[in-house]
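Chain A is the first sequence line, chain B the second, and so forth, proteins listed ahead of strands; every chain is numbered from 1. Worth saying up front: this structure is predicted, and the values here are computed from it rather than measured.
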Amino acid sequence: MKGLNHMTQRAYIAEISNYHGKDVKIHGWVYNKTGKGKLLFIMIRDGTGIIQAVIFKNNLKPEIFEACQNLTQESAIIVTGTVSEDQRAKGGYELQANDVEIVHIAEEYPISPKEHGTDFLMDNRHLWLRSSKQHAVLKIRHEIIRAARNYFDNLGFTLIDAPIFTPNACEGTTSLFETDYFDTKAYLTQSGQLYMEAAAMAFGKVYCFGPTFRAEKSKTRRHLTEFWMIEPEVAFCDLNQDMDLAEGMVEYIVTKVLENRQDDLEILERDVSKLENIKRPFPRITYDEAVEFLKAADADFVQGDDFGATDETIISEHFDKPVMITHYPAAVKAFYMKKDPQRPERALCVDMIAPEGYGEIIGGGQREDDYDTLLHDIKKHDLPEHAFQWYLDIRKYGSVPHAGFGLGIERTVAWICGRPHIRETIPFPRTMYRLNP
RNA sequence: UCCGGUGUAGCUCAAUCGGCAGAGCGGGUGGCUGUUAACCACUAGGUUGUAGGUUCGAGUCCUACCACCGGAGCCA
């Protein structure tokens, strides 16, 4: 018996249907346990799925059965048994156990199968990751990141990593995290964009993917102090081509999630029909057209301002796809935005607003490529000219029209997963009031 | 930073007009061969966020502080 078990092949739960009728070993943790005297049901999760092991007293050594009765939630075990099909089991398959090796008996687990508050769960984030919904969200996050990178890789983009430590504010508008850097100060980056502009002139099509930091004291469901962005930048590219790239990427990401993470969307009870709708072309409207929606809705909005969260929701409710809004007043946008030659008070920029009230997921546009204009804008924004000398250099040596955008990963995950709060879309969220765990 | 809200058992919550500190889950013990957040019986578990104050008496009322939640601004 022992000898046979030793030969038994290790299997992962996700591929259990390939082992119908065969003996396998499952390495995992006790998700839940129930039973009826001489019969125990142990739900085992192994990171790829959950399966029920049927522990019948007569099929195991007495001391092993007794040990199984004392298993606690999240204890680590290796179960050997025969894979069988059974309608009564969740997932359709179960494991008829003939041996159980106990790797570790877990102490009383803080997260019970009942309801918990968010603060408690976030204090136990290192354990909460094991719960099925959190697991599903992070599997989808992985799929989104993989899809975004594949999209650019397939189009011949080069991944260029931007620095995390920066000497100055990239945009000069929002506050930055300051840190000691030997005998000077450094700041944690809030965007890799400026570096991507330099890289685009070297490689043509580039993107970066990394963490960004904002020291804003924002306390909303859409904000984190540390979040991840994917930022493409393309030389010889105008605003319209930039929007083509953006909608192509979002369509590709949604398609891949629907293709590969069907089970996880189901665990999250996501309305998949809303995602199946996300096909090119996406609607493209101007700032002025968006303002008309707000006027019609009698929104509390000041002409010339940027849109607030409720404004974005009102606008997005007119569409069942992400909507791209262009030509904002240049005054509310960053200094590097190129002005519309037809209307110099407007910027050649684009924001993409996700459907269902999930807000802005993309911000981007065409960059100012004229040296004198850019220098003027830097001075106008009271930015230190010397710190931007290298950035200005890009406009001195073969300057070309170029454009790019930044996609916020966590907001995209929140939208695709249908999660109400962004903090569940990153493994270990950093907010104004949370630095632990 | 501003506005609003919440803090009671390990967790989720109740406690009427200011009058004995409660339940479910989780834990422990026992029972059960088809459970799906099992069920049944028994059992342990409390500085009511902190510090003051009012009162014969405070979980409940007052003041300050702390923690967290939601929203605004800003943004992805």
Side-chain angles (χ1 to χ4, degrees), chain A residues 31-43 50-59 65 69-70 72-74 84 86-92 94 96 106-124 127-128 131-132 170-171 173-176 190-193 211-231 246 300 302 305-312 328 332-334 351-354 358-364 405-415 420-423 425-426 431-434:
Chain A
Y31 194 70
N32 202 359
K33 189 186 76 174
T34 175
K36 249 188 166 317
K38 291 171 184 162
L39 185 63
L40 292 176
F41 299 96
I42 296 176
M43 305 298 289
I50 294 179
I51 195 170
Q52 162 173 295
V54 182
I55 316 280
F56 181 43
K57 190 172 186 176
N58 296 358
N59 293 347
F65 181 80
Q69 286 180 309
N70 294 324
T72 53
Q73 191 185 353
E74 290 301 320
S84 68
D86 197 306
Q87 288 305 310
R88 293 169 294 188
K90 270 186 181 170
E94 63 183 19
Q96 301 291 337
E107 292 179 27
E108 189 181 333
Y109 193 64
I111 303 176
S112 66
K114 290 276 178 176
E115 288 169 32
H116 297 284
T118 313
D119 190 43
F120 171 78
L121 289 168
M122 275 301 172
D123 282 340
N124 290 285
L127 303 176
W128 192 22
S131 301
S132 59
C170 286
E171 305 183 10
T173 53
T174 50
S175 35
L176 301 172
Q190 60 179 336
S191 167
Q193 182 205 316
T212 48
F213 307 88
R214 304 278 165 94
E216 287 292 330
K217 294 189 172 179
S218 297
K219 286 179 57 178
T220 79
R221 69 179 73 181
R222 298 177 307 282
H223 289 89
L224 297 168
T225 55
E226 178 182 309
F227 65 99
W228 289 67
M229 279 207 291
I230 191 155
E231 296 176 279
D300 182 20
V302 181
D305 279 7
D306 203 349
F307 302 126
T310 43
D311 301 327
E312 288 176 352
Y328 283 68
V332 303
K333 288 293 178 181
D351 281 4
M352 189 190 286
I353 312 294
Y358 280 92
E360 185 183 341
I361 53 171
I362 282 177
F405 62 85
L407 171 86
I409 295 293
E410 287 77 17
R411 287 188 184 178
T412 305
V413 176
W415 162 49
H421 206 299
I422 197 173
R423 68 189 156 204
T425 65
I426 187 167
T431 63
M432 196 178 151
Y433 291 120
R434 182 169 293 283

Taking [M] as the reference, what is the distance to [N] when you measure between their [atom1] atoms (whole Å, please)?
| N | M | atom1 | result |
| --- | --- | --- | --- |
| B:C2 | B:U8 | P | 25 Å |
| B:G24 | B:A14 | P | 16 Å |
| B:U50 | B:A58 | P | 15 Å |
| B:U35 | B:C42 | C1' | 23 Å |
| B:G22 | B:A9 | P | 14 Å |
| B:U47 | B:A41 | P | 29 Å |
| B:A67 | B:A51 | P | 16 Å |
| B:G18 | B:G57 | C1' | 8 Å |

Quiz item: Can you find a heavy atom in the side chain of A:Thr212 that is under 4.5 Å from one in the side chain of A:Trp228?
Solution: no
Quiz item: What about A:Arg411, does its side chain sit under 3.5 Å from the base of B:C75 through a donor-acceptor pair?
Solution: yes
[N] - base-pair partner by Watson-Crick or wobble geometry, distances under 3.5 Å:
| N | answer |
| --- | --- |
| B:G45 | none |
| B:A23 | B:U12 |
| B:U60 | none |

Using a heavy-atom cut-off of under 4.0 Å over every strand shown, decide if [X] touches base, sugar-phosphate, or nothing.
| X | value |
| --- | --- |
| A:Leu224 | base |
| A:Glu410 | nothing |
| A:Gln87 | nothing |
| A:Asp306 | sugar-phosphate |
| A:Ile422 | base |
| A:Asn58 | base |

For [N] and [X] - does any side-chain N or O of the residue sit under 4.0 Å from the phosphate oxygens OP1/OP2?
| X | N | answer |
| --- | --- | --- |
| A:Lys57 | B:C32 | no |
| A:Arg423 | B:G70 | yes |
| A:Arg221 | B:C75 | no |

Could you state the [atom1]-[atom2] distance from [X] to [N], rounded to the nearest angstrom?
| X | N | atom1 | atom2 | answer |
| --- | --- | --- | --- | --- |
| A:Ile51 | B:G34 | CD1 | C1' | 15 Å |
| A:His223 | B:G73 | NE2 | P | 9 Å |
| A:Leu39 | B:G31 | CG | C1' | 15 Å |
| A:Glu226 | B:A76 | CD | P | 17 Å |
| A:Gln73 | B:A37 | CD | C1' | 11 Å |
| A:Leu121 | B:C68 | CG | P | 16 Å |
| A:Glu312 | B:C74 | CD | P | 11 Å |

Exercise. Kindly confirm whether the side-chain ring of A:Phe41 is stacked on the base of B:G34, judged by centres under 5.5 Å and planes under 30°.
Key: no
Quiz item: Checking A:Asp123 side chain against A:Phe120 main chain: does a donor-acceptor pair fall under 3.5 Å?
Solution: no
Self-check item: N-glycosidic conformation, B:C17 - syn within 90 degrees of 0, else anti
Solution: syn
Quiz item: A:Lys333: what forms a side chain to side chain donor-acceptor pair (under 3.5 Å) with it, not counting sequence neighbours?
Solution: A:Asp351
Contacts under 3.5 Å, N or O only, protein and nucleotides 4-14 of chain B:
residue : atom : partner  : partner atom : Å
B:C11   : O2'  : A:Glu115 : O            : 3.2
B:C11   : O2'  : A:His116 : ND1          : 2.4
B:U12   : OP1  : A:Gly117 : N            : 2.9
B:U12   : O4'  : A:Glu115 : O            : 3.4

